[in-house]
2 protein chains.
Amino acid sequence: MDLALLLPPGVTVTAAMKERCPLRDTLDRIGDRWTVIVVVLLRNGPMRFTALQRAAEGVSRRMLTHTLRNLERDGLVTRTVHASVPPKVEYELTPAGHALTEPLTGLLHWSVRHQETVLAARKAYDGGSAEGG
Amino acid sequence: MDLALLLPPGVTVTAAMKERCPLRDTLDRIGDRWTVIVVVLLRNGPMRFTALQRAAEGVSRRMLTHTLRNLERDGLVTRTVHASVPPKVEYELTPAGHALTEPLTGLLHWSVRHQETVLAARKAYDGGSAEGG
DNA sequence: CTGGATCCTACTCGATACTG
DNA sequence: CAGTATCGAGTAGGATCCAG
């Protein structure tokens with residue numbers, strides 16, 4: 001992508017950005033099925049593994065683990081193991097992770113505000129395209 | 001997802017939202033490889049098909065067409081054909097599409113600001129995990 | 001409760017060739 | 001210039017079983 005037009009004032013396009021588009025990078029990282037959901041859920045504070053699984057509704061243990069590992073790897077989430085029986089593991093956003101919740105929360109709000117509009121548009125489009133056939 | 005905690009004040013959780021999580025819905029829609037890129041690129045005004053293809057860097061005609069069709073279907077983009085030779089087709093964001101650029105632009109800015117941090121965290125994580133083997 | 005290993009399916013996406 | 005049709009590879013992610 002051509003970044004120069006889109007960046008906020010004061011931000012310069014570095015060589016690294018040209019080589020490796022930051023947005024493309026971020027999308028590759030958060031563009032899977034569960035990452036955004038998990039980050040948004042962690043927005044209000046630390047959560048345990050099982051609590052996340054319940055809240056995310058539909059995620060398998062495998063994918064939740066996978067998602068959390070990637071977030072941890074990228075420094076967006078910390079993992080804290082409490083030595084107890086049964087085990088208790090808490091996940092919490094780092095500052096970078098919290099910063100990410102801002103646009104993602106914006107996305108959530110957009111989703112809520114435009115759900116009906118989008119659904120209606122889709123219905124109209126599908127109806128219109130199919131007509132006459 | 002449990003939406004009640006996360007919604008802005010004044011927004012009520014409707015039955016539709018419980019049935020069909022709006023965020024999940026949005027992510028299914030924009031979570032593919034090119035949608036976010038295209039929407040961000042259209043942020044400054046209408047663009048032609050080929051201009052988009054050049055700017056997106058790497059998208060195939062097939063995928064660009066597919067992406068634009070979906071955006072059109074959801075009412076986020078309009079498609080205008082100018083009857084000329086050669087053909088000229090312009091794509092432009094609708095108001096809903098423009099509203100979407102706000103969080104997406106936020107995401108872009110986050111990407112730029114945190115690229116180095118994330119890359120460093122990843123490197124550290126990978127190095128740390130691999131050590132001793 | 002947390003999470004690793006394996007297997008398997010479905011779907012996404014890109015390459016290529018063709019059209020108006 | 002702006003698409004469409006077809007095909008094949010790669011991979012995301014779910015099901016299941018095992019373990020500390």
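So you know, we letter chains A, B, ... as the sequences are listed, proteins then strands, and number each from 1.
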Margin query: From the set C/dG3, D/dG14, D/dG3, return the single nucleotide nearest to any side-chain atom of B/Phe49.
Written below: D/dG3

Checklist line | Whole-Å distance separating the CH2 atom of B/Trp34 from the C1' atom of C/dC13 | finding: 10 Å

Margin query: Tell me the closest heavy-atom pair linking A/Arg48 and A/Pro87, and the distance in Å.
Written below: NH2-O, 3.3 Å

Item checked: Distance (rounded to the nearest 0.5 Å) between A/Asp25 CG and A/Ile30 CD1 -> 11.0 Å

Next item on the list: Under 4.0 Å between any heavy atoms, over every strand shown, what does B/Arg61 touch: base, sugar-phosphate, or nothing? Just pick one.
Entry: base

Checklist line | Rounded distance (Å) that lies between atom C1' of C/dG4 and atom CZ of A/Arg79 | finding: 11 Å

Checklist line | Selection from C/dC13, D/dG14, D/dC1 that lies nearest to any side-chain heavy atom of B/Thr50 | finding: D/dC1

Check: Among D/dC1, D/dG3, C/dG14, which nucleotide sits nearest the side chain of B/Ser60?
Finding: C/dG14

Next item on the list: Say whether A/Thr105 and A/Arg43, considering side chains only, have a donor N or O and an acceptor N or O under 3.5 Å apart.
Entry: yes

Note to self: Please find the pair of heavy atoms, one from B/Val39 and one from B/Leu93, that lie closest to each other, and give the distance.
What the structure shows: O-CD1, 3.9 Å

Next item on the list: Output all residues satisfying side-chain hydrogen bond (donor to acceptor under 3.5 Å, both in side chains) with A/Arg122, sequence neighbours left out; order by chain, then residue number.
Entry: B/Asp74

Margin query: Output the rounded distance in Å from CE (A/Met63) to C1' (C/dC11).
Written below: 14 Å

Note to self: For B/Arg20, I'd like to know if atom CZ has over 12 heavy atoms of other residues, nucleotides or ligands within 6.0 Å.
What the structure shows: no

Notebook entry, point to check: Which nucleotide in the list D/dC1, C/dG3, C/dG14 gets nearest to the side chain of B/Arg48?
Noted result: D/dC1

Checklist line | Length of the line joining B/Asp32:CG and D/dG13:P, which is rounded to integer Å | finding: 13 Å

Return the polar atom pairs (N/O with N/O) between nucleotides 8-10 of chain D and the protein under 3.5 Å, or none.
none

Note to self: Nearest to the A/Tyr91 side chain among D/dG14, D/dT4, C/dG3, which nucleotide is it?
What the structure shows: C/dG3

Notebook entry, point to check: Starting at CG of A/Leu52 and ending at C1' of C/dG3, how long is that distance when rounded to a whole Å?
Noted result: 14 Å

Next item on the list: Rounded off to whole Å, could you give me the CG-to-C1' distance for the A/Asn70 and D/dG13 pair?
Entry: 13 Å

Notebook entry, point to check: What is the distance, rounded to the nearest whole Å, between atom CD of B/Glu57 and atom C1' of C/dG14?
Noted result: 17 Å

Margin query: By nearest heavy atom, map A/Pro87 and A/Arg69 onto DNA chain C; which one lands nearer the 5' end?
Written below: A/Pro87

Check: Over how many whole Å does the gap from B/Leu64 atom CG to C/dG14 atom C1' extend?
Finding: 13 Å

Please set out all donor-acceptor pairs under 3.5 angstrom arising from side-chain atoms of residues 51-59 of chain A, sequence neighbours excluded.
residue, atom, partner, partner atom, Å
A/Glu57, OE1, B/Met1, N, 3.3

